[in-house]
Each structure stands twice: as structure tokens, then as C-alpha cells.
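Read the structure below first, then the notes.
We name chains A, B, ... by the order of the sequence lines, and we start the count at 1 in each one.
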There are 4 protein chains.
Amino acid sequence: MIVGIVGATGYGGIELFRILSTHPNITKIQLYSSSQAGEDFETIYPQLETNERHTLLAVKPEEMKEECDVVFLATPSGVSSKLTPDLRGGKAKVIDVSGDLRLKQPEDYREWYKKDPAPTEVLDEAVYGLPEWNQEAIKKADIIANPGCYPTATLLGLGPAISGKLAKTDSIIVDAKSGVSGAGKNPNPLTHFAHAQENFQIYKVNQHQHIPEVEQQLRVWDESSEPITFSTHLVPMTRGIMSTIYFSLKEEANTEELLQLYRDYYSDHPFVRVREEGQFPCTKDVYHTNYCDIGLTVDRRTKRVTVVSVIDNLMKGAASQAVQNMNLLFELEETAGLPEKPVYP
Amino acid sequence: MIVGIVGATGYGGIELFRILSTHPNITKIQLYSSSQAGEDFETIYPQLETNERHTLLAVKPEEMKEECDVVFLATPSGVSSKLTPDLRGGKAKVIDVSGDLRLKQPEDYREWYKKDPAPTEVLDEAVYGLPEWNQEAIKKADIIANPGCYPTATLLGLGPAISGKLAKTDSIIVDAKSGVSGAGKNPNPLTHFAHAQENFQIYKVNQHQHIPEVEQQLRVWDESSEPITFSTHLVPMTRGIMSTIYFSLKEEANTEELLQLYRDYYSDHPFVRVREEGQFPCTKDVYHTNYCDIGLTVDRRTKRVTVVSVIDNLMKGAASQAVQNMNLLFELEETAGLPEKPVYP
Amino acid sequence: MIVGIVGATGYGGIELFRILSTHPNITKIQLYSSSQAGEDFETIYPQLETNERHTLLAVKPEEMKEECDVVFLATPSGVSSKLTPDLRGGKAKVIDVSGDLRLKQPEDYREWYKKDPAPTEVLDEAVYGLPEWNQEAIKKADIIANPGCYPTATLLGLGPAISGKLAKTDSIIVDAKSGVSGAGKNPNPLTHFAHAQENFQIYKVNQHQHIPEVEQQLRVWDESSEPITFSTHLVPMTRGIMSTIYFSLKEEANTEELLQLYRDYYSDHPFVRVREEGQFPCTKDVYHTNYCDIGLTVDRRTKRVTVVSVIDNLMKGAASQAVQNMNLLFELEETAGLPEKPVYP
Amino acid sequence: MIVGIVGATGYGGIELFRILSTHPNITKIQLYSSSQAGEDFETIYPQLETNERHTLLAVKPEEMKEECDVVFLATPSGVSSKLTPDLRGGKAKVIDVSGDLRLKQPEDYREWYKKDPAPTEVLDEAVYGLPEWNQEAIKKADIIANPGCYPTATLLGLGPAISGKLAKTDSIIVDAKSGVSGAGKNPNPLTHFAHAQENFQIYKVNQHQHIPEVEQQLRVWDESSEPITFSTHLVPMTRGIMSTIYFSLKEEANTEELLQLYRDYYSDHPFVRVREEGQFPCTKDVYHTNYCDIGLTVDRRTKRVTVVSVIDNLMKGAASQAVQNMNLLFELEETAGLPEKPVYP
């Protein structure tokens, strides 16, 4: 299988390259970059060199869609909305790791991303690539909209409760925290080490572009879903997301009942692990893996549920989930090429 | 003025020592330690040496209460409950930085701290030392229960809304994050660098001993207050607390109206700074200071309020607030001896 | 192949377990622990759970040496000196990741480790497992003394120059820096997050137990070698070692000549990568891999050589180098089961 | 006293502003910025707001030199070389925190800074502001060249030995490590949090512009001084420098003798603290202070000396040393306005 990666020099692209390099079903990786075409990838990143070298190729959709079996778009928002239409109709499946194809309503994209949306027919065709929910549709898709990092952690933490219609839909509050790599490779004052270190920052309060993505999926699960409160914070670490999720139950339930519901819901899904009662995951538990680990409790005093959901934002929140989607698309083992255990410490 | 510090070798004690060393009204500092009495403080901490050295003295309440004008108890929980009774009746005022004297109901202490409470008459006499709210009582007190770190950030973020009876009291959710120094000087697996670094952890979900402290004060401000949801997380940084606080309003208000209410509430309080609309503080904004910085917004979509309140947990959350209380007790300038500007970067 | 890991719950043991879990030639992993025998490994480390669980077994050398093909000793110093004698004479090869079997002279061990050395015949039999130098001996060994983390980085940075007899042997200074995981899993004041974060510490100046290990190997390469100056520092990061190595040349050479010597020396060794002139590796370049990356320069002003050598202390400095040794012992691909590319960022 | 700070929005400028705000002899601070003139300083840095606000003023040397008693230049290299000539001849003393006025030979500046040097008469007039060595000249100066961060730590660690002519001058190797703030406020790939965190980097090997500054001073102390080897590394922390310094003695001496020499040398200097035998400072020991802490040992095996010298790079390495120089210039207490104890933890 030949894969192409567009945006290979960004954090998501590097991670895809690393994973796919040892994927048992990949025979060749082609790296594309519009800004650095012609350069040698291993000269830019000498630490990624093994015995093979890669020249960064110019982005030519007409050729790519015939040469590649699958093209990953690891590009900033605003790129794949323009590129995907030209990648249709060939051999290649498209897995878009950016946010361009996730929102079904073009006006939502325009409002939250402040950019022009992709053509409606592309948005219609794109399948939301959350494998723990949407596996059957993914297998048949030509275009996958790979979920965002915050939405992945949040939706996996909410899925059983919302699709089971257990939660009061106006009660959901998500307090999400992310490592700094989520902000991308471009240096800026917020991600300057001397600013971000020994610092905890909140940003884009009520304005993060992942909010409509979460809400769209919640409405799929429970059409009565209402807008949620969703806060995003920057943690002085490179990787990892924790979504601490709060909601009230329509009917009383205890922790063990709810845990059992979650375990059942994810019983066929190797990448979601539900902790025992009284135990909660930390972000390092899933470091460099495709896992989403979940713990939860029902407060005996307030009857409110607290769900803790953690992922590695560059892996399950981006690159490894994209590979998981590729595995499903090509009917490979869902776990093929993905790390089995987290790195610790 | 002669001050005594019990528990001088812990994080809170060191911080008190550092601040008081250059306080304009302090003539002498006496350091006490039950476990290290007789040792030389500057031998243990050579970095704190200037031209004066201090021997750690044994804890003898009978002498201390006559020699010192004020005794700070920077001890683990379970110590000042036993020590404070013996410190009463002398010259010395007592400022307890531990949690032993904060909860008015002995059974609350027993339930949340799993220890024996202080005698009822001591609890009755202790004044809750949140200077932005309780200034008049503090000035007349003999015993101050210095607030906990999480409660300080949380209560200052909630005070105007709750005492103004604007919030639905069953809607309050506090998602709090703290630097690792909040866990104290004793090494343990959770605070091991290799575990805590590049990690974000949740702990004591719904079980933190600061929950009843917050709720007790909320009931003072609004007797209809109900139990709150309160989560505590460990951030891979040494200092700083951010409380992200969510609640619903009884009646609609916009961000600017609410900000104005907060500004008015804190207009006479030099250590609380309210940000402009659209701006939110980060923990580094108050690094090594006694400030509590607050930002807030009303979400136009959910009508829910998000308040962001940050402090330095060892300063406003412990030592510098204790000095602020001392200043009030002795009718000094409220800001005497306290740093004026945060360290940045 | 059946492998046993003694000391499975320490940092080295966990890392071995993680690597061996996906090693293509391993059919079964048995975990041993003297302090936690009988406990369930995945209950202690829920994040390491996949579909298989492991009970920690008691350390019974007589059984282990027949059941296992290879036993890894990931134990604190002082354990394998006692355990290895009982593991001899069976089926199992022994790879000792601790420092017990590295020093050939028992009195050196006694002096630097302040403990009783292993029996002389065990020390004699143990082969120093630095695969880039000692490959042929390793292949025939029954007992491998896996090199220490600092010695691995340092010796790979010095090997070509010393074995080529280019360096003035009384001029060598090694300034080594390590992440905190090198200090092991046991919490102590030096590794407390609040102490180690935002801090850079020097420790064991001229007294580190890895000094005689480096010197012993230097004398193998050049018998005229003299004692070296060797400093160890603690970097506020979890993983990674950089040895910055200084020495004077006997005869003048320029940077490119020296680089070519290093490239030739390591041409058959997939895990050592030599950078281009003007480029130097950082520790993240080898994060979570078995690589040792090297850069060097000859100062035109002082004629002194600066070599920069980086490894991941828990990987090439411990667990993955042990697996590399296992691969050689069992005539597998030298790279089998080892990560191909570093994690970045 | 009225002070001006040029480059007020950079890290050095902010630090100067913070210190001078509470300096007992300063009545007014004027902030200057060429790029942000007209903007409100406290709007850019709301966390620095107290009850006073500052407008950033345009840089007008003619006015500044009459209005201010002292002007601090906290500017990037290449600015004060041009600005200082216009600041001469008025009331104001000039303290240049940049590297422009430190090298006495214009061609050295041109070679190492790759920029045009300041006029010779300015270089001649500028006094090197290392107060522990040059106190008398500083008191009479009109222009102070405030030492660089690495040179401060290194020279204070070498001063007693070199000026005492104890060291073999061709044996000096300095392995220096700095926190990331030393790279300034401008974001770049090397200081991006996701790159710098969990990473240890070497940079500018043998090429750092601080090398000639150190060597120039060494020649002042011992005219036989030869070029040194000097390496600079980036530590994943915000502040702090450690210089680990190696040299050989001309004549044998033991650790205690050398320590005594250092203690005597610095006996009148409140900001240099020499540790006891067997003890070495870490960077946190001087965090946010003007101290330079020093430990040393003579290796019994190699006879080589290892000196460890730590400073806070933004304080003793920049802003607080500039204030110390101001104190000397104006015959104030040398310690006036400077923090007495480090922040810990």
C-alpha cells in the first residue's frame, strides 16, 4: 500500500510518518509539502533518518489520487477544503486530519473557523471518523473527516451517556486541558517556552472551533442536545488531553451502574479502556498510544456525574486515530501498526 | 514585632520566613520545628542564608505565646488542632495556615480530614481569614484560620456572585488545577518528577477536604447554597492555582454587567484584580505575589457564567495571605512587606 | 522464546516489558518481583493493560533458569550480585541491567558502590554488553553486564578517538547531564517535582559509580588511559542523557576528518548516527529509541575536541540496549523489536 | 531619582521595571520603546499593573539624557552601540544591559556579533560592570557595560583562581547551561515549548558571543590567559544558569584551601556565597535573586578543579546586576532594592 502525507513537516505529519514507517501493510510513503517541496525531509529532521530518505514532493492532486492508495491531509485549516475536491474520483481514499470537513453545515464552519467552507458535496460525502461510533460508515467511506483532538476525548467520554439518553442535555460542561503541541508547530508568544512553562492558561473561552464539532455529534446521539459549555486550557506539557466532563442524570444511577454501561458500550473497541470504580486515568497513561482511557464517578452529594477522559492529542487526537481509520477503510486489523503500550515514565 | 513560625522547614514555612525576613515591621523571626529542633535552619537550606542564622527551636507553646507577638502555624493537618489551645491566653496572636481551624462544625472536620477536630471553643473563636470578605472580624481576632489554597481562589471567584445572590446555587461546578507544591514537601509517587512531568492528573475527585470549606463560606454568603461539584487536578508546574468556575444566573446579565459587579466588590481590595472583558488571567500573572486575578464571561449560547480565578498557591493560597492577615491584625498597611509585581517570565 | 524480567515494577523493568510485549520473537513474558510477588502487575499499572494480565511471580532462580530462555535483571545494585550465581548453569541467559557485574575488579565495585561485589567467577564470565564494540563476545556470552546509562553515551562518544589512540588520555573531561528518571522510581527530595522542576542540579561530583565503568573500558581501548574528570547533572526532564565530552588531540586533525573516522567506526552499527559537520543532536532526537546520536567539532582556537553524544537513558541507556543484546545473543536481527524512529515532539 | 528603561517590553526590561518599582531610591520610572511607543505598558502586561500606569515613550536620547538620572538599555545587540553616543554628555548615567559595549576591541565585536561596533571612544569610556571585581571603577563611571549572563556566572567562578594565578591558563573548560529565557522574548523554533520541553540542547558550540567577553576579562586578571573552551546548552527551564568550570592547578592544593581562597576573595561581596566543602549549589538556590552561589572541589584522582557557579540569568545575569551597578554608581547601599532570599520551591 502506498500512502501520501500532505503537510509532512507539521506535528501531525511527522507523527503519521513515524507510525506509518513501521506499519506492516505500508510499502511506500510519499511526503508532500507546498512550502518546502524539493527539500529533503531527513535533512530537516535528521533524527527521523533511518536507511531511507524522502524528498518532499509538490502537492499535485491529479497525480496523488492515482499514485496513492490513501492520502492523509495533515494541513492547517483552510487547506483541505480546497484540496479535497481535486483528490476525489481517483484511486486514493482521503483522510483529512484538519478540521475542514468535520462540520456538516458550511455556515458553522464559516462562523467558527472564519474561513470559506469546503464544497457542500465534499462535506456531504465526508464520513466522521470516530471509529468507536461510526465503524460501519468508515469502512465504506472515500473521504474521512478525522475528529479533532478535544472532540475525540470529549465524545468518547460522553458517547455512552448521551446515546443512552441518560444525561440532561442542558447540563453538560466540559473543562478540557491540552498539552502545548495542540497549538501546532508555528512558534508564537503563547507557546514560547519561557511563557508556557510554569504557567497554566485558559484560551478561546466559549469560542473554540471544536465546540460545534462536539455539539453536532451530540445531536446525532440525542437530537434534543443543547449547546454545551466547553473550556480549553493549555497545560505546561507537550502532549496529552484531559477532558473533565460534568453532567446531571435524568434518573438516578450509581457509579458502578454507569461504569458497566460504559464498559458494555466499548466492549468491542480495543482502544477505549474504562477504569475500575475509584480510579481515574492521567494523561501519561495513554502517552504515545491510540488509547482513550476513561474513569467516572457519580457524586453522592450532588448526583452529578464527573467523567474523566484522556488521550494523546497527537495520537488518538490526530495521527494514530487517522491510521486506525485507514485500517478500517482497508479492512486491516483495527490495531495494525499502532503501539500497544504507553511509554512510562 | 517578634514572629514565630512553627513548621518552618515546610514549603509554607519557608515562604513565610522569606516574606517576613524583609517585612518592615518585623524585628525578629523565631523558627520552630518539632522534628528538627536544635538544627540550624540555614544548614538545611543554605540558599536562604544571609547574614543571620536561625536555630530551629523546640515547640513550647507556653513560652511562645509570651515571647512572640504572632505565631504562624505552618503545620500539617492534625497539629494545630492540638497546639492552638495551648497558645491561647498569652500575648501572641495565632495565624493557622493549616486546615485545622477552618471548619466550624467538628463533625465536618472529622468526616473530611479523618482526624480529631480542635476543641469547639477554639473553632468558635477562630476567624476565617479571607481578608477581602472578613476584614473587620480579622482585625479583632486572636486566632485566624487562614483559608486553604483552593478555597481562596474559588471563593474570591464566587464572592460577588454568591453574596449578590445572582447564581443558581445548585449549578456551581468548580474545576480547579494546582501546581505540585500544593501537595507539600514530603516526596511521594504522585509528586515524583518522572511521574508528574508531562502528565496531567486528577485526584481526590469529590473528596477533597477543601470542599466543605468552600461550601461553608458559600452558605455564609447565601444560606440557600447547596453542595457543589469540585474537582482538583495536578498541573506539571510548581506553583499556581486556576479555578475555572461555572454557574448559571438566576436572571440574565451580560459580561460587562457582571464584570462591573466584580470590580465594585473588590474596589477597596488591592490584591484582587479584575480583567477587562475578553481577557483572562493565567497563573503566571500572579506568580510569587499575593494577587488573585479574575476574568469572566457570560456565554451568549448557554447563558452560563465562566469565572477564571488564579492565585499563587503558596502565596495568596498560604503564606502571603497569612501575612496580609497579620498586617490587618496589627493595623499595618494591608500591603506591607508583600511583593508588588509578579515575576515574569 | 520465554523471557523473565526481575524487578518488573521499576522504570527499567516497565520499559523492558513494554518493548518485549511486541517483540516478534517473544512468546511469553514472566514478571518477577521480590517485594510485590503475588500481586497483579496490571492492577499496579492499569495503563499497561492490554488483553493479557500478569501476576508478579516470586524470584526462584532454580525454576527461572529452566523456564526462561533469558532473564533480565532490572534490579537495584546489590541484588544481581547475589542472584546471578544461582541463575547460572541452566537454560537461561542472564542480562543484568544493574551495575553489579560491570566492574571486573571486585575492589572497584566495593569502593564505588559501597557494597559486596559478586563472586569473582561471575564477574569473570560476565561480558560487557556494549554491542557497538563487543558484538562477537556478546554473541557467545551466557551472562551480559548491560552498560550503565552514562557510560553508554560517553563510551560511544569516545570509542573511535580512544581506540584510535588519537586523544591525549589525561585530557578527557566528561560533563554529563541526565533526565530525572535516571534516579529511579523511589521518591526522594532530589526528585520531588517541586524541587527538580525549574532547577538544574549537579550531584555526586567526581563520585559517580559510573566513573570506574567508563575508565575500565577506556583502558581496554587504550591501556595508557588515565583517570578522567566526570560530572553528572540532573536536568528537569524525565528522559535523556547528553554527554558533552572534551579532549585534546595528540596530533592536529580537523572536524571533517574526525567525523569521517566516527562514521567509519560506526558504519555497521544501525543504532549510532553521526551528524553532519556543524550539526549537533539534542536529547529529543533519540527519545524512546535505541539510538545514540553524535556530533563533534574541533575548536580552531584551542585545538580541543568537543563531542556531543545523546541517548534515551531508559532505552539505549538500559532497556532497549538490553534487548539489543538479547537479539545478538539469540542471533536475531539486531534491530528486532526496537523502535525505528524517535517520538517528536 | 528618575530612571529610564529602554526596551521595556523585553524580558530584561520587564525585570528591571519590576525591581525598580519597589526600589527605595527611585521616584519615577520612564519606559521607552521604539517599536511600541505610545502604547500603554500595563495594557500589554496587565499582570504588572498596580495603581500606576505607564505609557511607552519614544526613544529621544536628547531628552532622556536630561530627564533621567540613569538610563538602562535593555535592548537587543546592535541598538545601544548606536544609541549610547547620543546619550552622553547629559545628566544621565547609562547602564547598557546588552552586549554592545563590553568588548574593548571593535574587531572582536564585529567578529563575534556580526554587527558594527560602537564608536571607539564609547567603548573606551564604558566600564565593565562586574561589581565583585570592578567596584571602584564602577563608582566613577558614566557608562556601564553590564556583563553578560554566561560571563557573570563564569567569571565569578574563575576570578579568585585566575587573578591569583593558580590555574593553568590553557586548561580551562566551561560547560555552561542556561534556562530558555536567555534566548529572549522573540518566539522561534528552538524555544517553542513543544520542542524545548523534555529536551536538552547544545547550541553555538565554540561560537557564542560571550566567549570573547570571558576571555577579555581573564586576560585582565592573568595576561598569560589563553583561549578557553566554552559550551552553551539550553535547559528545559525558564531561568537559571549553571557554569560547570574545569581547570588544572599550577601547584597542588586541596579543596579546603581553594574554598578558603574563594571565601576571602568574596568576603566583602554580599552577593557571592561560597558553599561548604562537599556542597554544591543548584540553580534554584539563587532563583529571582542577585546571588551567585559557588561550590568547588579538587579531584583527588585527576588533580583537576571543578567549580560550580550558579546565577539567575535574568537577575544577576542581567537586571538585578544592573541595579547593583546603579546602587554603586549613586553611592547607595549595594543591596538596596534587591531581593534578600530566593524563592523556593
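- Looking at residues two or more places apart in sequence or on another chain, you find a side-chain contact (heavy atoms from CB on, under 4.5 Å) between A37(A) and A58(A).
- Atoms CZ and CG, from F193(D) and L234(A) in turn, are 8.5 Å apart once rounded to the nearest 0.5 Å.
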Quick one: donor-acceptor pairs between chain A and chain D, under 3.5 Å, side chains and backbone, table format.
unit_1  : atom_1 : unit_2  : atom_2 : d
G184(A) : O      : H192(D) : NE2    : 2.9
T191(A) : O      : F193(D) : N      : 2.8
H192(A) : NE2    : G184(D) : O      : 3.0
F193(A) : N      : T191(D) : O      : 2.8

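- Applying the side-chain contact (heavy atoms from CB on, under 4.5 Å) rule to A74(D) yields the partners L16(D); only residues at least two apart in sequence or on another chain are considered.
- For the residue pair P187(D) and P189(A), the shortest heavy atom distance occurs at CG-N, 3.8 Å.
- Listed by chain and residue number, I5(A), L31(A), F41(A), L56(A) satisfy the side-chain contact (heavy atoms from CB on, under 4.5 Å) test with A8(A) (two or more places apart in sequence, or in another chain).
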